[in-house]
Every structure is written in C-alpha cells, then in structure tokens.
Asker: 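Have a look at this one.
One-based numbering, in listed order, for ligands and for the atoms of each. The first residue in the sequence is number 1, and the count goes up from there.
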Amino acid sequence: MARSLPAPRWAMLLSLVLLIGCMVAPSLAVKHKDFKTCEQSGFCKRNRAFADNASTQGSLWSSPYELDPASIHFKDGILAGDIVKTTATNEKVQLPLTVSFLESGAARIVVDEEKRLRGDIEMRHGSSANKKRYDETEKWVIVGGLEVSKSATLDAQSETGFTNILYGPDGKFRAIVRHAPFGIEFQRDGQTHVQLNHQGLLNVEHWRPKVDRKDDESAEDESTWWEETFGGNTDSKPRGPESVALDVTFPGYSHVFGIPEHADSLSLKETRGGSGNHEDPYRLYNSDVFEYELQSPMTLYGAIPLMQAHRKNSTVGIFWLNAAETWIDIVKSTVSPNPLSLGAHSKTDTKTHWISESGRIDLFVFLGPSPNDISKTYGELTGYTQLPQQFAIGYHQCRWNYVTDEDVKEVNAKFDKYQIPYDVIWLDLEYTDDRKYFTWDPLTFPDPKGMQQKLDETERKLVVLIDPHIKNADKYFVSEELRSKNLAVLNKDGEIYDGWCWPGSSNWVDCFNPAAHAWWATLHKFDKFKGSLQNLFIWNDMNEPSVFNGPDMTMPKDNLHYGNWEHRDVHNVNGLTLLNATYKAMLERKKGEVRRPFILTRSYYAGAQRVSAMWTGDNQATWDHLGATLPMVLTNGIAGFPFAGADVGGFFHNPDKELLSRWYQTGIWYPFFRAHAHIDTRRREPYLISEPHRSYIAQAIRLRYQLLPAWYTAFHEASVNGTPIVRPQYYMFPEDEQGFAIDDQLYLASTGLLVKPVVQENTYSADVYISDDEKYYDYFDFTVYQGAGKRHTVPAPEEKVPILIQGGHIIPRKDRPRRSSGLMRWDPYTLVITLNKNSEAEGTLYVDDGETFDYERGAYIHRRFNYRGSVLSSEDIGVKGPKTAEYLKTMAGVTVERVVLVDPPAEWKAKKTVTVIEDGAKVASTASLEYYEQEAGKASYVVVKKPSVGIGKTWRIEF
Ligand SMILES: *[C@@H]1O[C@H](CO)[C@@H](O)[C@H](O)[C@H]1NC(C)=O
Ligand SMILES: *[C@@H]1O[C@H](CO)[C@@H](O)[C@H](O)[C@H]1NC(C)=O
Ligand SMILES: *[C@@H]1O[C@H](CO)[C@@H](O)[C@H](O)[C@H]1NC(C)=O
C-alpha cells in the first residue's frame with residue numbers, strides 16, 4: 001500500500017488526518033507537476049543541450065576529452081590512464097580512467113575526477129558534505145564477478161592513436177581505445193557491438209568555484225549550476241554542477257530492453273519526440289508516483305540501470321552503476337545503402353545517452369552473445385535471485401486493511417470454506433498503534449499471537465508492513481532510540497531531518513550507517529517486536545523514500561547520510577540499504593535462525609534480488625493497467641530481478657467481475673502473486689465474488705498451486721544462473737526477429753509452458769505467436785497448434801487462460817488441491833510429457849524443504865527427467881552434501897503417482913502396462929497404462945497410473 005497525497009502542502013498538512021480513510025477516488029491522472037521533466041532538471045537539460053549542440057555541429061563536433069597517451073599503462077588486466085578534458089577557457093581537467101577486463105568477459109570502465117579524489121575543492125554554504133564523487137554504490141550492489149582476467153593482453157597491432165586489448169572467452173573480445181577524442185569500441189569476433197563516446201557526448205562537469213559575474217559576462221548559462229528550486233524546495237547544491245554523462249551506441253541493434261522501472265513496453269521507445277515516441281528520456285529516480293500513467297518514461301519506485309540490446313542472434317548490454325538521479329535518452333537511426341528502399345539491407349543503430357546528476361562514470365559492458373549470457377554475467381556481479389521459501393511463491397492475500405485480528409481469522413476461515421488455497425495474509429499500515437511500527441493497535445489487534453497461531457495451523461504466514469519513516473513522537477521507543485543513537489538521516493545543516501509521511505512528522509532511519517543495521521536487527525527480535533511470531537514476515541514499503549512534503553515526493557537532495565554523502569549521491573540505492581538491514585534483522589530474530597527471510601519491497605536497485613521480492617506499486621483496476629503488468633514483470637526479469645508481481649485486481653478502484661477473474665488468470669503467472677486493494681475499494685476476496693466468477697478465480701489459483709513444483713524449479717534456476725522466471729519471446733528465440741517486440745505473452749522458465757493471458761474486455765480468444773515448428777499442445781485439452789513464425793488463435797472463454805505446452809518437455813505438477821503449499825509437502829507428483837519432433841522430451845525438478853538454508857548443505861533433490869527411445873528416466877543432477885542423505889530419508893515416501901504422455905504413437909492403443917525399474921529394487925514391476933483417444937485436432941494421450949517411483953530416486957519407466 002501506499003498513496004502519497006498530492007500538493008498543495010499546506011492543505012495536505014491540515015487535512016492529512018481527516019483524509020485518511022475517507023479519500024474519494026481522486027482524478028485518474030498522475031500529478032505531472034509533482035515530478036520533474038528533463039527540462040525542469042538542470043543537469044538533464046544541460047546534457048541534452050550538449051547533445052543538441054553536438055548533433056547540430058555534426059562532423060565539426062569534437063569531444064573535448066582526450067586520453068593522454070603518456071599516462072596509459074596496462075597491467076594485470078587493467079588499463080589505466082588520465083583523460084584530460086579541455087574547457088572553453090583552455091583549462092585542463094584531469095579525469096583518471098580505469099578499464100578492468102574481468103574474468104567473466106565483462107569490462108568495467110570507471111572515470112573519476114582527480115581534484116575531488118584529493119579533496120581539493122571548496123564547498124559552498126559551509127557544507128560538510130563529502131567532497132569526493134560517490135564511489136560506494138558497489139558496496140551495496142556488487143557481490144562478486146570482479147576477478148580481473150589473467151589472459152587479457154595488449155594487442156601489439158594497435159594503430160597509432162589507439163590502444164587495443166584482447167580479452168574474453170578465447171580472446172574473442174577486443175576493446176579498441178581511441179585516445180583523441182577518447183572513446184572505446186567493443187568488438188566480438190571482429191564485429192563492433194558497443195561504442196562509448198562515439199557521438200562525443202561524454203561529459204564530466206568538473207568542480208569549479210562559483211564566481212560572481214554580471215549576467216552578460218559568462219559564456220555559459222549558469223542558471224541551474226548553483227541552486228535549483230522545485231516543488232517549493234530549494235536545493236543548495238554545495239558542490240555546484242557535477243553531472244556525468246556518456247553516449248553508448250549499439251550499432252546494428254534495433255531493440256533495447258531493460259532499465260526498469262517504467263510502465264512501458266518491453267522494447268524501449270525512442271525519447272526525442274516524433275510519432276509514437278516519448279518526449280522525455282527514461283528517468284530513474286525512485287519515487288512514489290501517485291496514480292502513475294502507462295506508456296510513459298516517467299520514473300517509478302525502483303531502478304535497475306541494466307540495458308540489453310538485441311538483434312538477430314546477438315545480445316549485448318551495459319550496466320550503469322550510479323545511484324544518483326539518472327536519465328536515459330534513446331534514439332534509433334536507420335541507414336540504408338539504397339536511400340530509396342529501407343529494405344533488407346538497412347541497418348538500425350540504437351544510440352543511448354546516459355546522464356547522472358553526480359557520482360562517477362562506472363559502467364560494465366557485456367558482449368553476450370545470448371540473453372542468458374547477460375543474465376549470468378550480470379548476476380555474478382550483483383547476485384542471483386534469492387531462493388525464496390516455498391510459501392512465498394504461493395498466493396498472497398492482501399488489502400489495505402484487514403481491520404482486526406478477528407477479521408484476519410474470518411478471512412482465513414472463508415478461504416477454507418470455499419476451498420481456495422492461499423499461503424499468506426497481509427497487514428497494511430493500520431495494524432499498528434497510531435502508525436508506530438513494531439507495535440500493534442491494542443483495540444483492533446489485541447491478540448496478534450492468537451491470530452498467527454491460527455494461521456500456523458494450516459502452515460500459513462502473516463506479512464506486516466514496516467516502513468523506514470519513524471513517527472517523531474515522545475514515549476515511542478523506536479523514535480527515542482533512533483534519535484538518541486543518532487541513526488537518522490540528517491538535513492543539510494546536520495540536524496535530524498523531519499518530513500511528513502503516514503505517521504505525520506517523521507524521521508528516517510539511515511541504513512547507510514552500519515550501526516543502524518545493528519539497531520534495526522534488535523527491533524525485529526521477538527522480545528522487542530512483541531506479539532510477533534515465527535510465521536511473521538516483512539513488507540518494506542515507502543522506501544524510495546516517500547516523503548509527502550518533499551521535492552519529487554522524496555527527500556531533499558542535500559540531506560546528509562552516513563559518511564556525509566548527500567542524498568543526491570545515494571538516492572536510488574537508498575531503498576536497498578533498508579532491505580539489506582531487514583534481511584539481516586530477519587536472520588537474527590532468534591539465535592540459530594535457519595529459515596530464509598521473506599521481504600517485499602517497493603523501492604529497489606540492482607542487487608535487491610538477493611534479498612527481496614518486488615511489486616509494481618499502486619496500479620489501477622483497469623484493463624490497460626492489467627495489460628501493462630506483463631511488460632513490467634518481464635522487464636524486471638531480464639534486469640535480474642525476476643521475483644516480481646503486480647497488485648492483482650488493481651490497487652485503486654473496483655474491478656468488475658470479468659476484469660478481476662482475468663486478472664487472477666494473469667496474476668498466477670507473476671512470480672510474485674498477490675492480490676491487493678486500496679482502503680476505499682470494496683472487499684474483493686475471491687470467495688466474495690458471485691458465481692461463476694468465483695469458480696474461475698478459484699480454478700486459476702488452483703492452477704498456480706498445481707504447478708508449484710515447476711515454479712519452484714524455475715526459482716532455483718534463477719537462483720543459480722540469473723535467468724528470468726517468466727521470459728519474453730526474444731529471450732527464448734533470440735534468432736526470430738518477428739518475436740523481438742512481443743511483450744504480451746510469456747514462457748515459464750524452461751518448462752515449455754507458453755502463456756498468453758487475456759487482458760482485454762469481452763475477448764474470448766487469444767492470438768498466440770509461435771516461433772518454431774514444434775507442436776504446441778493446449779494445456780487443458782491437448783489441441784494441437786503448429787506452424788512457425790505466425791499467430792495461432794486459441795479459444796479463451798472466460799474460465800480459461802490460454803496456455804500451450806511446447807513439444808519436448810516434462811513438467812512436474814502436484815494435482816491434489818490443498819489449503820496451502822505447506823500442506824502439499826508430502827503429496828505425490830504428476831509428470832506431463834510432450835514429445836518433440838524426435839519423440840524426445842526433457843524436464844527438471846528441484847525440491848528442498850522450502851524453508852531453511854539446508855539446501856546449501858545438500859538437503860535437496862535435483863532431477864533431470866528424460867524421455868528417449870520410449871523410456872522415461874530420472875537422473876540425479878544434484879551435488880551431494882552433508883545433509884543429503886538425511887533429507888532424502890524424509891522424502892522417501894514421496895512418489896510419482898501419475899505420468900501423462902501427450903500424443904503417443906498410435907500403436908500404444910493396445911498397450912496395457914509399462915515396466916517400472918527403480919534403482920535398488922530386486923525385480924521390475926509394472927504399472928497400468930490407459931490410452932485416451934481424442935477427436936481430430938486434439939492429441940490423444942496415455943496415463944500411467946501409480947508407477948509409484950520415488951521422486952528422489954533413480955528409475956526408468958519403459959513404455
Ligand atoms: C557548442 O559547442 C561549442 C564547442 O564545440 C562551444 O563553443 C559552444 O559554446 C557550444 N554551444 C552551446 C550553446 O553550448
Ligand atoms: C542464428 O542462429 C541460428 C540458430 O542457432 C542459426 O541457424 C543461424 O544461422 C544464425 N543466423 C545468423 C545470421 O547468425
Ligand atoms: C548487505 O550489505 C553489505 C555491505 O554493506 C554486504 O556486505 C552484504 O552482502 C549485504 N547483504 C546482502 C544479503 O546482500
């Protein structure tokens with residue numbers, strides 16, 4: 001939940017208390033005036049003007065940055081040197097450069113400013129802010145992958161004026177460093193894929209003293225250098241202008257993806273105007289955007305500055321490691337050898353321009369060549385998705401608010417009465433005593449323990465909201481400790497910063513401070529957070545941070561954090577520091593805690609995937625918003641943060657029954673699957689919906705539960721190699737150009753499940769695009785679809801979400817409906833097999849206790865199922881550890897109860913049994929097989945009943 005109240009400030013402050021709880025649905029539009037455009041953001045405007053100047057001058061333009069050849073040295077995989085910037089007044093500015101060639105094949109380029117590294121600058125207004133350019137983003141973000149390549153070598157063949165380095169797998173990558181003007185071209189197999197400063201837009205606004213001049217004296221427009229006012233707040237900018245910018249060109253690439261979070265298409269649009277394009281760059285400045293609009297480059301709550309560029313058979317990417325406000329312009333230019341025909345031989349270049357307000361230039365270049373390679377290498381740097389507890393991928397029931405502990409228990413009972421599974425119920429803001437976190441409202445939640453115990457009877461969990469703003473109140477122990485221990489964010493004058501948020505006057509815990517982490521951990525302990533039990537988990541909301549009376553709905557940029565870093569320098573990583581603290585706190589709730597934390601976050605940065613799940617914030621109950629969730633969730637996945645979802649049903653307003661059931665049918669495909677609703681909406685728990693829609697929703701949720709084994713396996717895959725859990729078309733078929741822009745259908749990891757949810761009203765069929773010429777089978781009735789490179793119409797009556805299974809897969813399921821995922825732990829499996837053109841199939845299954853970290857010590861089952869030559873076999877692909885045997889013992893009774901094989905050979909009609917051979921069994925046994933013939937157009941299938949082979953065992957079934 002979150003809703004920031006729109007300006008004007010005075011009215012807001014006066015009416016805050018009155019408004020809570022009786023807010024009528026306000027206008028449907030985002031308040032544009034609350035958020036800066038590039039034009040209103042000095043550094044963005046300056047860098048755009050710089051780019052315009054360069055493009056106006058065309059070939060006459062020369063970037064004023066040169067790499068001093070005498071300064072270049074290359075040692076142990078690192079190229080270092082000094083870039084010299086020559087100013088209009090012929091001043092020389094030293095900018096130290098390092099280019100590190102990493103073992104992973106990535107290259108890292110860092111540019112800093114010599115004078116500021118030395119602390120040789122004067123601050124204005126007596127500010128105590130740090131003089132350096134912020135260089136600690138990596139401390140929060142990077143967890144590995146920085147080993148420098150031992151095999152990177154200087155290429156002796158370099159022409160004069162260039163320094164070339166060979167690196168990467170088999171030395172197939174080459175960085176061509178141009179000295180004057182400075183620039184780098186990255187090649188793979190002799191072809192250029194990424195160019196830095198090719199357009200000459202490199203810009204490091206160096207430190208300079210403020211000189212009082214008469215208006216007409218200065219050649220440059222200094223109006224946004226020293227002060228900027230927005231939303232009634234004046235930014236004092238003690239270090240003056242300090243932005244960094246660089247252009248990155250992807251020659252021959254016509255699609256770029258990534259850089260969440262925006263409510264936009266998967267394939268990013270151009271941003272310099274023109275029909276169908278945006279007028280503003282994509283903005284990354286984590287903000288609480290009230291009633292955000294769709295198809296927009298406006299910033300949202302989170303930021304991951306990872307971009308993938310894609311063309312036929314090649315994916316490359318960059319990661320811009322900077323936590324300050326960032327804008328990204330995208331322009332595509334198509335050149336054709338024959339100007340009259342933009343035909344087959346035309347080539348599109350995508351030109352991007354990255355602009356950050358402060359900090360260093362610090363970027364990683366990835367040369368692919370596949371989308372998987374980018375996921376893997378980026379994940380080595382920022383960490384892979386956490387393997388969540390099993391419950392976390394079940395269904396989450398939330399609203400603002402369940403109003404009493406009795407209310408929670410009643411909702412819990414109703415789910416059981418209507419036989420709808422769910423795992424987690426959530427409490428928004430109002431459970432607290434007067435918006436003081438770590439307390440319970442004594443009137444409405446007198447018995448939190450009893451409530452949690454009730455939930456625990458069916459292995460269900462509770463998640464409660466804990467935000468980083470702490471009510472500024474006497475006799476509130478959290479507030480008193482925050483202040484007395486000096487752990488709060490400070491204003492520019494070094495006093496505790498006070499702003500407005502849900503509790504009214506609030507202070508913010510400064511999680512850049514290690515001491516704040518230690519303190520935050522104490523608050524989560526069972527004796528401090530009284531009334532909390534082990535099945536309680538945490539929701540960190542409003543951590544952009546949202547400040548109702550601040551500029552851009554957040555803190556002033558000249559606020560100070562631990563280390564005297566200005567908020568400007570660290571803003572986008574701020575939310576992640578809270579998650580990091582909460583994660584640690586959850587692990588320390590009690591001595592010997594062995595369970596994996598669960599945290600939901602609204603704000604995020606690269607690296608948040610290690611500790612949290614995210615959702616797309618305050619959406620609306622409209623069809624357009626439903627449709628927008630697909631590209632948003634897919635984008636998060638390719639940006640390395642796949643544990644993503646959107647509020648099912650839409651946060652604001654009331655969905656009608658059709659929209660709500662379609663939303664559930666879509667939501668079961670979000671890795672994070674939670675229903676949520678605004679306080680002013682009508683209750684819409686699934687059991688309240690009248691038939692037939694109640695059944696449609698219940699069926700959808702049960703389908704999610706049926707496929708939990710496949711989901712959990714997909715999460716495991718993400719946790720070891722960074723692949724998205726739900727994947728877009730281009731990711732699965734990188735060679736099929738027709739699929740590159742498709743963002744309304746998705747694949748569940750590598751299971752072969754292809755889904756196209758219906759996101760339009762009154763629509764009862766879906767056109768599913770198929771890339772290859774395998775057969776695809778309808779999930780429910782095995783209708784066959786085949787034909788590469790075209791769309792196939794799949795019926796989608798209101799009760800049905802269109803799902804196809806590609807030929808060649810083995811999908812693990814659990815078919816017995818239960819109240820929660822915890823109660824399914826010992827249930828048997830069903831395996832569904834579809835054959836590819838060679839009559840073969842493959843699939844994997846990962847299982848562990850779904851709760852602890854014991855899997856790190858071998859307590860898991862990891863199997864590969866193969867079907868080949870009419871034999872289905874299960875092979876161990878796990879690595880044994882000290883806890884393997886003990887875990888396998890607990891799973892000894894869990895078996896396969898059914899095998900469904902779709903489209904078997906016709907001669908199987910006569911077959912009545914199969915032979916089952918389990919490792920270690922003295923004799924082979926048999927299981928019965930039944931053949932189900934279907935009408936033309938639908939594949940026949942066979943069902944093997946009770947082969948009863950152990951899920952953790954090695955076995956074969958001979959058909
Ligand atoms: C454009 O660039 C040239 C240098 O190439 C510079 O002299 C001029 O001042 C710039 N114009 C603007 C408006 O920035
Ligand atoms: C792209 O990859 C496919 C499949 O690997 C291959 O058949 C094809 O020749 C490649 N095309 C190009 C242009 O490299
Ligand atoms: C939390 O941040 C610290 C650095 O401040 C880092 O060492 C640690 O790995 C982070 N924890 C997680 C779980 O990401």
Asker: Using a strict cut-off of 4.0 Å, indicate which atoms of ligand 1 neighbour a heavy atom of Trp61.
Answerer: 2 (O), 5 (O)
Asker: With nothing but distance in play, are any N or O atoms of Asn53 less than 3.5 Å from an N or O of ligand 1?
Answerer: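 Yes, there is a polar N/O contact under 3.5 Å.
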Asker: Checking side-chain polar atoms at under 3.5 Å, does Ser243 have a donor or acceptor matched by the opposite partner on Glu357?
Answerer: no
Asker: Report yes or no: is the cationic atom of Lys528 (NZ for Lys, CZ for Arg) closer than 6.0 Å to the six-membered ring centre of Phe438, at no more than 45° off its axis?
Answerer: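 Negative - Lys528 is either too far from the ring of Phe438 or too far off its axis.
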Asker: Determine, counting only non-hydrogen atoms of the protein, whether one lies under 4.0 angstrom from atom 14 (O) of ligand 1.
Answerer: yes
Asker: Within 45 degrees of the ring normal and closer than 6.0 Å to the centroid, is that where the cationic atom of Arg610 sits relative to Tyr605?
Answerer: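 The answer is no, since Arg610 fails at least one limit relative to Tyr605.
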Asker: In the protein, which heavy atom is nearest to atom 4 (C) of ligand 1, and how far is it?
Answerer: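 Of the protein heavy atoms, Gln57 NE2, 4.1 Å lies nearest.
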Asker: List the closest protein heavy-atom neighbour of atom 9 (O) of ligand 3: residue, atom name, distance to the nearest 0.1 Å.
Answerer: Val143 CG1, 4.6 Å
Asker: Should Lys557 and Glu325 count as an ion pair when the cut-off is N to O under 4.0 Å?
Answerer: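 A salt bridge links Lys557 with Glu325.
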Asker: Can you say whether the rings of Tyr497 and Trp508 are parallel (under 30°), tilted (30 to 60°) or perpendicular (over 60°)?
Answerer: tilted
Asker: Kindly confirm or rule out a cation-pi arrangement of Lys883 over Tyr860, judged by NZ or CZ under 6.0 Å from the six-membered ring centre and within 45° of its axis?
Answerer: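 No, Lys883 and Tyr860 do not form such a contact.
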Asker: Less than 4.0 Å between atom 2 (O) of ligand 1 and some protein heavy atom, yes or no?
Answerer: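 Given the 4.0 Å limit, the answer for atom 2 (O) of ligand 1 is yes, a protein heavy atom qualifies.
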Asker: What's the shortest distance from atom 5 (O) of ligand 3 to any protein heavy atom, and which residue and atom give it?
Answerer: Trp140 CZ3, 3.4 Å
Asker: Using non-hydrogen atoms of the residue, decide whether Phe50 is closer than 4.0 angstrom to ligand 1.
Answerer: no
Asker: Is Asp212 salt-bridged to Lys210, cutoff N-O under 4.0 Å?
Answerer: yes
Asker: For atom 12 (C) of ligand 3, which protein heavy atom lies nearest, and how many Å away is it?
Answerer: Asn580 ND2, 3.7 Å
Asker: Under a 4.0 angstrom heavy-atom cut-off, which atoms of ligand 3 come close to Arg610?
Answerer: 14 (O)
Asker: Is the Phe512-Trp140 ring centre distance short of 6.0 angstrom?
Answerer: yes
Asker: Ignoring angles and geometry beyond distance, decide whether Lys139 reaches within less than 3.5 Å of ligand 3 through its nitrogen or oxygen atoms.
Answerer: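 No: no nitrogen or oxygen of Lys139 is under 3.5 Å from one in ligand 3.
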Asker: Does at least one non-hydrogen atom of Glu220 fall below 4.0 angstrom from an atom of ligand 1?
Answerer: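 Glu220: no contact with ligand 1 (<4.0 Å).
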